[in-house]
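One structure is given below, encoded as structure tokens.
In the text below, chain A, chain B and the rest are named by the order of the sequence lines, each starting its count at 1. Note that this is a predicted model, so its numbers are computed, not measured.
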There are 2 protein chains.
Amino acid sequence: MKLASNLQEQVASHLRRRILSGQLLPGTPLREQSLALEFGISRGPIRDALLHLTKEGLLVAKPNVGVRVAAEPSGFKRNVIVHLRREIEASAVTAWFETRDPSLLRRLDDNLALYREACGGSDLAQVVELDMAFHRLLVETADKGSLVDLWLPIMLRMFLRYSRHRDLMESYHEHASIVRAMHGGREWEALEALKSHIV
Amino acid sequence: MKLASNLQEQVASHLRRRILSGQLLPGTPLREQSLALEFGISRGPIRDALLHLTKEGLLVAKPNVGVRVAAEPSGFKRNVIVHLRREIEASAVTAWFETRDPSLLRRLDDNLALYREACGGSDLAQVVELDMAFHRLLVETADKGSLVDLWLPIMLRMFLRYSRHRDLMESYHEHASIVRAMHGGREWEALEALKSHIV
DNA sequence: TCGTCATTGATTGTTGACAAATGACAATAA
DNA sequence: TTATTGTCATTTGTCAACAATCAATGACGA
């Protein structure tokens, strides 16, 4: 899951995980030099990675000063984000019901099994990863995955406050009920379950 | 408008303008070396700028190969984008009606005057710039501008097909009618005008 | 005492050289 | 002819050194 040939992407996904799993709290400054030392590489790829994460909304950059982990979105912003996510993911699911390609259902089932396990365990980073993967599967199916790049930064901003305010097992059951409705071909039910899951 | 102390942002906004105004067509490859030569700087800041634009959706990058100007979004994707933009900008305008801060109205009026002029002239880059600025003003007012970073990449992807399919003067009148409704305090009318303007 | 302004240390911004990967083309063999 | 392999030029990826900038500190003068 983590393999990438170029260093910047390796660093980016590593930091992404640390931020989303709550190991790096909002406001924490990240220095290029220290990160370069920590990863044993030069500052170049680090800069690229930080730029990635900044554009994704996980970091905020001040010119000539550096980057910090972004603050959780305000209530107002979060509300908008919720609506945007619903719009994107609902569009994708609606599109899926046109074809009902069963390969998606298989992948969702696989994800669900792993997710259930992870929710029982204590590896929060793994839980976040699988939760993310679930929704990514939904978004990817529509229109040859064209929505993913639109969806990702929105999703990430929402996940900035993942760790707290979340009952993991309940989240699992919500995923399961979405998939169940899709298996049964009940479009309206799937969309309702999705909408009430995204909060 | 163009001033930025760091080179990457100067390069980024320059390329942004060239792409949005249609001088760089979808599919056109951009080489770091040639750009560095063209701007008379080294490849470092160029890389940063290209990364910015890639994350904004104006370019697509293939690892170890390079970047090209992004293709126009598909019909499906564009439809989603339209809904996202409406959601964001309508939220912002709704929030404005809570306070009705008159300083926004003043700035919108200023923008309208310039926009009208530009629509008459032939400088498409200027038209795009002002159109963008108009909507940015709307988005900026709400919640201390927190929606801007969410809105920008969505807006830019939509503007990839700005030049064609657009009657400039009609666009001006739509802007004007939005502002007119806001001046008059007619919230519903403003939101409807906004919604029908975003297509 | 308070405010202003140089100094200084830390951090980002920029550069040019080098390493690694890719795609195109030509040579070779079935 | 067609598929495969090897070579080469082009382009991106990475690196370490240098320059520019900022924020904090402390000296200075009102």
Integer-rounded Å distance: D:dA16 C1' and A:Phe39 CZ: 19 Å
Distance (rounded to the nearest 0.5 Å) between B:Thr54 OG1 and B:Arg47 CZ: 10.5 Å
Gap between atoms CD and P, on A:Glu9 and C:dA20 respectively (whole Å): 21 Å
B:Asp143 with A:Arg78: basic N within carboxylate O range, under 4.0 Å: no
A:Leu152 side chain near A:Met132 side chain, heavy-atom distance below 4.5 Å: yes
From A:Leu15 atom CG to A:Arg18 atom CZ, the distance as rounded to the nearest 0.5 Å: 6.5 Å
Letter per nucleotide, 5' to 3', of nucleotides 7-18 of chain C [B base touched, S only sugar-phosphate touched, - untouched; heavy atoms, 4.0 Å]: ----SBBBBS--
Secondary-structure stems, DNA chain C, at least 3 Watson-Crick or G-U base pairs under 3.5 Å: C:1-30 with D:1-30
d(CD1, A:Ile46; C1', D:dA16) in whole Å: 14 Å
Non-hydrogen side-chain atoms of B:Val128 and B:Arg17 separated by less than 4.5 Å: no
Heavy-atom side-chain proximity of B:His175 to B:His135 below 4.5 angstrom: yes
Salt bridge B:Arg16-B:Glu9, side-chain N to carboxylate O under 4.0 Å: yes
Polar side chain donor-acceptor pair, B:Asp101 to B:Thr99, under 3.5 angstrom: no
